[in-house]
Amino acid sequence: MTGPAARAAWLREQLALHDYRYYVLDDPQVPDAEYDRLMRELRQLEAADPQLVTADSPTQRVAGSPGAAFRAVAHTVPMLSLDNVFNEEELRAFDRRAHERLGEDAPLTYVAEPKLDGLAVAVTWRDGLLERAATRGDGSTGEDVTANVRTIRSLPQRLRAPAPALLEARGEVFMPLAGFERMNREARERGEKVFVNPRNAAAGSLRQLDARISAARPLAALFYGLGRIEGLAAPDSQQGLLALLRSVGLPVSKEARAVQGVEGCLEYYRDLGARRSALPYQIDGVVYKIDRRSEQERLGFLSRAPRWAVAHKFPADEALSVVREVEFQVGRTGTLTPVARLEPVFVGGVTVSNVTLHNIDEVHRKDVRSGDTVIVRRAGDVIPEIVAVVIERRPPGAAPVTLPQCCPVCGSVVLRVEGEAAARCTGGFTCRAQRQEALLHFASRRALDIEGLGDKVVEQLVERNEVASPADLYRLSAAQLAALPRMGEKSAANLLAALERSKHTTLPRLLFGLGIRDVGEVTALALARHFGSLEALMAADEDSIQRVPDVGPVVAAHVAAFFASAAHRTGIRALQEAGVTWPDMVPQAAADGVLAGRTFVITGTLTGMTREQAQQALVARGARVSNSVSKKTSYVVAGSDAGLKLAKAQELGIPVLDEQGLRDLLR
DNA sequence: GATCCTCGAGTTCT
DNA sequence: CTCGAGGATC
């Protein structure tokens with residue numbers, strides 16, 4: 001692609017990037033005039049050749065205009081932004097240029113600091129008293145936010161002596177994560193709107209016209225730069241500046257550190273990156289500044305950024321994308337789950353094109369519509385989510401998503417039980433999607449564990465009407481399997497062997513695999529233990545099923561109804577006839593063993609054994625193994641890379657065992 | 001009746 | 001991992 005088409009694509013990309021900075025980060029990096037210039041050029045290209053117009057082109061939307069309600073403040077010394085580097089190579093190039101300009105061969109001393117995800121501010125103290133605070137704005141003029149900044153507790157109204165006659169310090173106002181989450185939780189409880197991320201929360205709080213509202217917001221600030229200073233010589237290094245700021249009582253990052261050369265910078269970057277999620281505030285990268293002021297002065301400035309400092313960004317974990325459509329998937333139990341199909345977007349290190357919206361209420365709460373521009377996040381947790389819709393960019397005429405009346409797969413009526421979040425297809429096993437998902441569940445690792453029977457194979461088998469129920473799987477021939485696409489003789493033989501292996505199973509696995517509503521792994525085990533055999537369970541009435549621990553009226557009714565169905569009874573007989581067997585279990589009332597009465601939670605990665613093996617070893621000794629940490633948990637076994645569960649255990653003061661500790665205990 | 005503890009179900013990508 | 005909801009407990 002060359003010529004106008006390539007240029008148009010480039011312009012769209014640039015504009016999207018600026019939109020992202022504007023809407024998501026609230027931190028535009030180009031003046032409005034530059035944005036307008038790019039937009040004008042794109043419009044001209046598209047007017048000359050309408051074929052160049054794409055649906056997601058920024059020319060196709062209605063623009064919103066930012067309001068200005070605060071008094072303007074001119075910055076005597078411009079507030080510059082920083083140039084960004086996104087990788088090691090670009091950082092090396094930056095360092096090389098600095099060396100060349102300085103005519104210096106030895107490694108340079110840098111001060112490395114976290115780049116906070118907040119709002120840059122300039123705060124002035126005259127004779128030690130806080131006089132004025134301003135946002136960066138476009139760099140030469142910002143907004144007067146003195147009243148709001150005064151409410152930030154970590155920021156002194158009066159500097160500690162000896163304070164210079166005048167000090168304009170520059171820093172970042174931000175919202176610590178704990179405060180952000182608390183504030184959003186409270187807002188949600190009151191039914192108010194929540195903030196998309198800490199950055200927007202900080203920006204919104206600072207722009208509050210009513211300073212009493214800002215005062216209630218958990219804002220904080222850290223300082224790192226100098227605007228003006230009078231009555232005292234400016235420090236001759238960045239380290240000296242940080243020391244001065246600290247000495248007059250201003251908050252300064254504890255993470256700031258002097259490092260030597262590019263290698264020192266990279267080491268700092270990797271270290272901070274690894275600890276990023278454990279920091280109490282959100283950061284989007286690292287800033288390196290050449291330490292010595294004499295060197296800073298010799299390097300000077302580019303048009304709008306200093307040549308002696310650079311921001312090294314972490315890969316973004318939020319990005320903008322466009323919703324192609326919202327589809328409804330049908331699950332094993334018939335649940336209709338809305339899924340947003342997105343324009344593929346690279347976020348958090350992977351390309352995301354599908355995002356679940358959980359249920360229809362969630363869709364309406366976030367008000368996601370086809371064609372909407374949305375903010376997609378894939379943060380520490382793996383599963384991407386739609387954080388919010390950028391309302392300003394909604395295409396005209398976009399209609400709200402509605403729950404389908406009929407199942408999109410089989411056309412059966414969709415029913416939504418009053419008070420329940422989920423809507424269900426009533427088709428049961430007549431619905432192809434439900435049959436397919438039920439088979440996949442039956443074959444899954446924790447059920448019959450049929451290796452090689454993945455979604456593609458099952459989809460084919462169901463589509464060709466070769467398999468309708470689990471028992472049909474065991475009647476498949478090598479020839480039938482080998483006829484499937486992407487399935488050769490070898491794979492077919494492997495799958496048959498896996499099917500053969502799966503015939504020797506256990507009662508809990510079978511019960512789980514049948515897919516009775518509300519019967520998962522744990523409940524299946526409890527039922528198996530209590531009744532000992534499938535026959536005993538099938539013969540039991542609702543009341544006796546309720547006597548199983550943790551089974552109440554709802555679950556008991558589902559179990560009884562399942563086995564009352566003639567189709568299910570036939571299906572089970574067919575499985576037995578196909579040769580599926582499982583040993584009966586000895587019914588046991590309560591567990592005994594050395595660890596009886598103790599509850600364990602296993603988290604993280606173990607090295608010498610799998611989590612399943614650890615679980616079995618514990619259960620064999622009479623312990624309970626649960627999935628969630630609470631006051632009732634006796635021990636948490638934490639392998640490497642343990643996450644929130646370990647944190648929760650520490651918070652609740654629950655003893656934590658490492659892998660060795662677990663071994664000792666088992667011995 | 002309220003609250004806490006669990007379990008179940010659904011989901012993404014490499 | 002998160003959310004919703006069932007079950008147990010006070």
Side-chain angles (χ1 to χ4, degrees), chain A residues 181 185 188 277 317 321 326-342 344-363 365-366 376-387 416-425 433-434 436-438 440-441 444 446-447 454-455 508 511-527 542 545-559 599-601 603-604 624-634 641-649 652 654:
Chain A
E181 273 154 25
R185 197 174 51 239
R188 219 179 345 255
S277 58
D317 55 11
S321 182
V326 175
E327 282 183 359
F328 285 82
Q329 278 178 359
V330 183
R332 167 167 73 87
T333 60
T335 324
L336 293 193
T337 308
V339 180
R341 309 281 176 209
L342 303 176
V345 59
F346 190 75
V347 52
V350 298
T351 304
V352 173
S353 40
N354 302 308
V355 179
T356 177
L357 291 161
H358 301 293
N359 56 55
I360 189 73
D361 289 339
E362 180 86 356
V363 177
R365 206 175 305 137
K366 290 185 173 161
V376 180
R377 169 162 58 203
R378 186 176 180 274
D381 44 335
V382 190
I383 296 177
E385 59 169 341
I386 288 182
V387 183
R416 195 169 176 212
V417 177
E418 188 83 22
E420 273 186 23
R424 289 197 162 82
C425 156
Q434 290 193 47
Q436 193 172 307
E437 296 304 312
L440 272 173
H441 174 74
S444 70
R446 307 180 113 90
D455 53 357
L511 284 176
F512 174 58
L514 289 175
I516 307 165
R517 252 237 261 164
D518 283 340
V519 177
E521 231 182 341
V522 176
T523 311
L525 181 64
L527 288 168
E542 257 184 75
I545 297 175
Q546 268 201 64
R547 279 197 278 277
V548 177
D550 295 321
V551 172
V554 176
V555 175
H558 284 147
V559 174
T599 304
F600 287 74
V601 174
T603 180
R624 269 169 58 86
V625 175
S626 143
N627 289 314
S628 46
V629 180
S630 72
K631 282 188 292 190
K632 294 191 175 168
T633 310
S634 324
D641 294 324
L644 287 170
K645 287 179 191 174
L646 175 58
K648 178 126 192 240
L652 294 173
I654 290 161

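Here is how names work: the chains are called A, B, and so on, in the same order as the sequence lines, proteins then strands, and each is numbered from 1. Not measured: the values here are computed from a predicted model.
- Taking atom CZ of A:F328 as the reference point, atom C1' of B:dG10 lies 15 Å away to the nearest angstrom.
- Nearest-nucleotide positions on DNA chain B for A:R341 and A:G520 put A:G520 closer to the 5' end.
- The NE2 atom of A:H558 sits 10 Å away from the C1' atom of C:dG6 (whole-angstrom rounding).
- The CG-C1' distance, from A:D455 to B:dC13, rounds to 13 Å in whole Å.
- Looking at A:S634, its side chain does come within 3.5 Å of a backbone N or O of A:T599 through a donor-acceptor pair.
- Taking atom CD1 of residue A:I386 and atom C1' of nucleotide B:dT12, one finds them 13 Å apart after rounding to whole Å.
- One interatomic measurement links the two molecules: CZ of A:R517 to C1' of C:dA5, which rounds to 11 Å at whole-angstrom precision.
- The A:S626 side chain lies nearest to B:dT6 when the options are B:dC4, B:dT6, B:dG8.
- A donor-acceptor contact shorter than 3.5 Å links the side chain of A:H441 to the backbone of A:F512.
- Checking B:dT12, B:dT14, B:dG10 against every side-chain atom of A:N354, the shortest atom distance belongs to B:dT12.
- Out of B:dT12, B:dC7, C:dG7, the shortest distance to the side chain of A:V522 is found at B:dC7.
- A:E362 comes within 4.0 angstrom of nothing in the nucleic acid, heavy atoms only.
- Checking C:dG4, B:dT11, C:dA8 against every side-chain atom of A:D550, the shortest atom distance belongs to C:dA8.
- When distances run from any side-chain atom of A:N359 to the nucleotides B:dG10, B:dC13, C:dG4, the shortest one goes to C:dG4.
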Q: For the pair A:T523 and A:D518, evaluate side chain to side chain contact (heavy atoms under 4.5 Å, CB included) and give the outcome as yes or no after the intermediate values.
A: CA-CA 8 Å; A:T523 311; A:D518 283 340; over 6 Å; no
Q: Could you give me the CA-CA distance, side-chain angles and deciding distance for A:V387 and A:V376, then say whether side chain to side chain contact (heavy atoms under 4.5 Å, CB included) is met?
A: CA-CA 6 Å; A:V387 183; A:V376 180; over 6 Å; no
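- Across the protein-nucleic acid pair, A:H358 atom NE2 and C:dC1 atom P stand 14 Å apart, rounded to whole Å.
- Within the 4.0 Å cut-off from OP1 or OP2 of B:dG10, at least one side-chain nitrogen or oxygen of A:T335 is found.
- The side chain of A:T337 sits closest to B:dG10 out of B:dT6, B:dG10, B:dC13.
- The heavy-atom pair separating A:I516 from A:L511 by the smallest distance is CD1-O, 4.3 Å.
- The nucleotide whose nearest atom lies closest to any side-chain atom of A:P553 is, among C:dG7, B:dT11, B:dG10, C:dG7.
- Here A:T523 reaches the OP1 or OP2 of B:dG8: one of its side-chain N or O atoms lies under 4.0 Å away.
- Considering only side-chain N and O atoms, A:R332 lies under 4.0 angstrom from the phosphate OP1 or OP2 of B:dA9.
- Listed pair A:T356 / C:dC3 fails the phosphate criterion, with no side-chain N or O lying under 4.0 Å from OP1 or OP2.
- Of the listed nucleotides (B:dC5, B:dA9, B:dT12), B:dT12 has the atom at the smallest distance from the side chain of A:P384.
- Remark on DNA chain B: of its neighbouring residues A:G331 and A:V352, the 5'-side contact belongs to A:G331, judged by nearest-heavy-atom nucleotide.
- The nearest whole Å value for the distance from the CZ atom in A:F600 to the P atom in B:dT6 is 14 Å.
- Nearest nucleotide to the side chain of A:D518, out of C:dG6, B:dC5, B:dT12: C:dG6.
- A:Q329 has no side-chain polar atom (N or O) that falls below the 4.0 Å cut-off from OP1 or OP2 of B:dG10.
- Checked against A:L527 for a side chain to side chain contact (heavy atoms under 4.5 Å, CB included), the options A:D550, A:V555, A:V548 give a single hit: A:V548.
- Atom C1' of nucleotide B:dC7 and atom CZ of A:R446 are separated by 13 Å, given to the nearest angstrom.
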